[in-house]
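The structure appears right after this line, and notes come after that.
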Amino acid sequence: MLDVKTIREDPERVKRAITERGMSVEVADVEGVLEIDARRREILVEVEELKRRSNKASEEIVALKKKGRDTAPVVGEMKGISESIKEMDTDVREVEARIRELMLDIPNIPDGSVPIGADETANVEVRRSGKPPEFTFKSKPHWELGEELDILDFQRGAKIASSRFTLLKGAGALLERALMNLMLDVHTREHGYTEVFPPILGNRDTFTSTGQLPKFEEDMYVCSDDLLLAPTAEVPVTNIFRDEIIPEENLPIKYSAYTPCFRREAGSYGKDVRGIIRQHQFNKVEMVKFAHPDNSFDELESMTADAEDILERLGLHFRVVSLCTADLGFSAAKCYDLEVWMAGVGEFKEISSCSNCTDFQARRANIRFKPAVGGKPRFVHTLNGSGVAIGRASAAVMEHYQMDDGRIVVPPALQPYMGGMTVIG
RNA sequence: GGAGAGAUGGCCGAGUGGACGAAGGCGCACGCCUGGAGAGCGUGUGGGCCCCAAAAGGGUCUCGAGGGUUCGAAUCCCUCUCUCUCCGCCA
């Protein structure tokens, strides 16, 4: 959520941001906010004056009673005022609810460093790391490798749940677990993150805070008791400090969490239908930071580097892309995608997304910090990044390290996590 | 799932219809005191919104949430949420 004051003071800037994101100004209704906000303040001034008088009259009644005088005239006057106050309070609540409704649909303002563009072709490659493997044989996609090695079972995954669910078996399951442990170990022992294991279901407040609700409910799995399955650990972990004030000296707070993630993938029919790239359930190690506004963009750089470190340890080829305005997530002011080279199919695939949400989520979630030198609490900046998506990492490893006989070399970084296994198959 | 108890400021805790974010204590900050520390003494110490160009200042709201009774609610009534205890079930 933006600050209403930002909209009040510079509505053109907000509208420009919405347009650059390729969003309609009807959906993100800046004019509507301006109108209703003006109305709200109008009513407030009026009702607060009435309340002031009512408070004064209350004092009078007490004074009169002490003197044993008749209070009836004042009480009579109060009756009318109370009625008006009640009515106007109702108006204020309605107006405030309406503003909030509109505000929740207005996206974050992209940072000045974000490339402006209408689609993903405007994304800017920032750097590359590693090299694609050179095969002397015809390389295979991971779903073929996985089925032949009997470590990925798509048929039975679909039988148990539905399409886009996969059963991992033997070394496939172990690889998943090894990646998870490697990532958590590196982030907690070397990158300074504290490991957390959050609830994976969250309530509506939680999902509204991080921006999934109200706009993106159709992408979520909603349980019958109105709890929702987290599509990423970003959701529960960012909410750890909802409605809290953090001492400034505690910033930045860095958490890393493994969780399964659940996404309906509504509207992605026919996309990545083969393999384990796009699943309704997948595993991910996530990084979340609560940062000081003054250095949150530095924290974004270091978080991105933390994610890159994982891919480097795995010896994978990847590139870092700065997302353009149109590709930027709703809550993000700036975002780097890490795209790993899928050697079997010969293309880059997003494996991590590192975002600085600035104060957008913090305002929705009411997460603030108390400045050490004193003064009003301010909103923190929240950041989140995949560190990294485990299923996609597993697929990338399979494809990158495949041999001509269909077996897969275990990269050295993973061997200790797989009981010393050096080859799968 | 059944029965009961509770929710007040950073923390503990008083407050059952009338001035007041709300006694007292702890904590914290500052000052005095001290060679220094402690003790002691004194002062201060939540957040939101609105008015104001801003500061200063002022107003208003806030005792888990929402609604009701009343001229007036932390206090009375209703609903909900959460926490704790006991019973049942259970990894």
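Note on naming: letters A, B, ... go to the chains in the order of the sequence lines (proteins, then strands), and numbering restarts at 1 for each one.
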Self-check item: Any residue meeting salt bridge (charged side-chain N to carboxylate O under 4.0 Å, His left out) with Arg278(A), in chain and number order, not counting sequence neighbours
Solution: Glu265(A), Asp272(A)
Quiz prompt | Test side chain to side chain donor-acceptor pair (under 3.5 Å) applied to Glu87(A) - qualifying residues, sequence neighbours left out | solution = none
Quiz item: Partners of Ala326(A) by side chain to side chain contact (heavy atoms under 4.5 Å, CB included), sequence neighbours excluded?
Solution: Cys324(A)
Exercise. Rounded to the nearest angstrom, tell me the gap between atom CD1 in Ile99(A) and atom P in G48(B).
Key: 18 Å
Donor-acceptor pairs are to be reported for all side-chain atoms of residues 372-385 of chain A against protein atoms at under 3.5 Å, with residues two or more places apart or in another chain.
unit_1: His381(A); atom_1: ND1; unit_2: Ser296(A); atom_2: OG; d: 2.7
unit_1: Thr382(A); atom_1: OG1; unit_2: Gln361(A); atom_2: OE1; d: 2.7
unit_1: Asn384(A); atom_1: ND2; unit_2: Glu234(A); atom_2: OE2; d: 3.4

Practice problem: Using the P atom on both, measure C71(B) against A56(B) and round to a whole Å. | Solution: 40 Å
Practice problem: With sequence neighbours excluded, tell me which residues meet side chain to side chain contact (heavy atoms under 4.5 Å, CB included) with Asp3(A). | Solution: Lys5(A), Thr6(A), Arg363(A)
List, one per line, each side-chain donor-acceptor pair under 3.5 Å for residues 108-116 of chain A, sequence neighbours excluded.
unit_1: Asn108(A); atom_1: ND2; unit_2: Ser331(A); atom_2: O; d: 3.0
unit_1: Asn108(A); atom_1: ND2; unit_2: Cys357(A); atom_2: O; d: 3.1
unit_1: Asn108(A); atom_1: ND2; unit_2: Thr358(A); atom_2: OG1; d: 3.0
unit_1: Asp111(A); atom_1: OD2; unit_2: Ser113(A); atom_2: N; d: 3.2
unit_1: Asp111(A); atom_1: OD2; unit_2: Ser113(A); atom_2: OG; d: 2.6
unit_1: Ser113(A); atom_1: OG; unit_2: Lys334(A); atom_2: NZ; d: 2.8

Quiz item: Base, sugar-phosphate alone, or nothing: which one does Arg8(A) contact when heavy atoms must sit under 4.0 Å apart?
Solution: sugar-phosphate
Quiz item: How does each nucleotide of nucleotides 53-61 of chain B score, in 5' to 3' order, for protein heavy atoms under 4.0 Å: base (B), sugar-phosphate only (S), or none (-)?
Solution: ------BSS
Quiz item: Tell me: CG of Leu64(A) to P of G72(B), nearest whole Å?
Solution: 16 Å
Quiz prompt | Partners passing side chain to side chain contact (heavy atoms under 4.5 Å, CB included) against Ser302(A) (at least two apart in sequence or in another chain) | solution = Lys289(A), Glu299(A)
Quiz prompt | Set of residues satisfying side chain to side chain contact (heavy atoms under 4.5 Å, CB included) with respect to Val75(A), sequence neighbours excluded | solution = Ile61(A), Thr71(A)
Quiz item: CZ of Arg378(A) versus P of G46(B): gap in Å, rounded?
Solution: 20 Å
Quiz item: Within less than 4.0 Å of OP1 or OP2 of C50(B), is there a side-chain N or O belonging to Arg40(A)?
Solution: yes
Quiz item: What is the distance, rounded to the nearest whole Å, between atom CD1 of Ile36(A) and atom P of C50(B)?
Solution: 15 Å
Practice problem: To the nearest 0.5 Å, tell me how far Thr206(A) OG1 sits from Arg364(A) CZ. | Solution: 13.0 Å
Quiz item: Mind checking the C1' distance from A74(B) to G9(B)? Whole angstroms is fine.
Solution: 13 Å
Quiz item: Which whole number of Å gives the distance between the C1' atom of G46(B) and that of G42(B)?
Solution: 23 Å
Quiz prompt | Atom-pair distance (CE on Met1(A); P on C49(B)), nearest Å | solution = 11 Å
Quiz item: What integer number of Å spans the C1' atoms of C20(B) and C77(B)?
Solution: 26 Å
Exercise. Check whether any side-chain nitrogen or oxygen of Arg93(A) sits under 4.0 Å from OP1 or OP2 of G67(B), and answer yes or no.
Key: yes
Quiz prompt | Under the salt bridge (charged side-chain N to carboxylate O under 4.0 Å, His left out) test, residues paired with Glu31(A) that sit two or more places apart | solution = Lys15(A)
Practice problem: Provide the distance between the two P atoms, one in G6(B) and one in U75(B), to the nearest whole Å. | Solution: 15 Å
Self-check item: Whichever of Lys5(A) and Met78(A) has its nearest RNA chain B nucleotide further upstream toward 5'
Solution: Lys5(A)
Quiz item: For the side chain of Glu59(A), counting heavy atoms from C-beta on, which of A19(B), G47(B), C50(B) is nearest?
Solution: A19(B)
Quiz prompt | Protein-nucleotide distance (Ile61(A), atom CD1; U70(B), atom C1'), rounded to Å | solution = 11 Å
Exercise. Fill in the dot-bracket string of RNA chain B, one character per base: . for unpaired, | for a pair to another strand, ( ) or [ ] for pairs within the strand, taking Watson-Crick or G-U pairs under 3.5 Å.
Key: ((((((((.[[[..)..(.....]]]((((((.......))))))((((((.....)))))).[[[[[..)....]]]]])))))))....
Practice problem: Answer yes if the side chains of Asp309(A) and His191(A) hold a donor-acceptor pair under 3.5 Å, and no otherwise. | Solution: yes
Self-check item: Modelled atom types, side-chain donor and acceptor of Gln279(A) and Thr166(A), under 3.5 Å
Solution: yes
Quiz item: In whole Å, what is the span from the CZ atom of Arg368(A) to the P atom of G46(B)?
Solution: 14 Å
Self-check item: Integer angstrom distance from the P of A29(B) to that of U85(B)
Solution: 35 Å
Quiz item: Is Arg41(A) near enough to C49(B) that one of its side-chain N or O atoms lies under 4.0 angstrom from OP1 or OP2?
Solution: no
Self-check item: Contacting residues from residues 79-88 of chain A, given that a heavy atom lies under 4.0 angstrom of RNA chain B
Solution: Lys79(A), Ser82(A), Lys86(A)
Quiz item: Under 3.5 Å, is there a donor-acceptor pair linking the side chains of Asn181(A) and Tyr258(A)?
Solution: no
Quiz item: Using atom P of each nucleotide, how far apart are G25(B) and G44(B) to the nearest Å?
Solution: 14 Å
Quiz item: Can you find a side chain N or O atom of Lys370(A) that sits less than 4.0 Å from OP1 or OP2 on G10(B)?
Solution: no
Exercise. Between G59(B) and C52(B), how far apart are the C1' atoms? Round to whole Å, please.
Key: 12 Å
Practice problem: Please state how far atom CG in Asp91(A) lies from atom P in C49(B), giving the value in whole angstrom units. | Solution: 21 Å
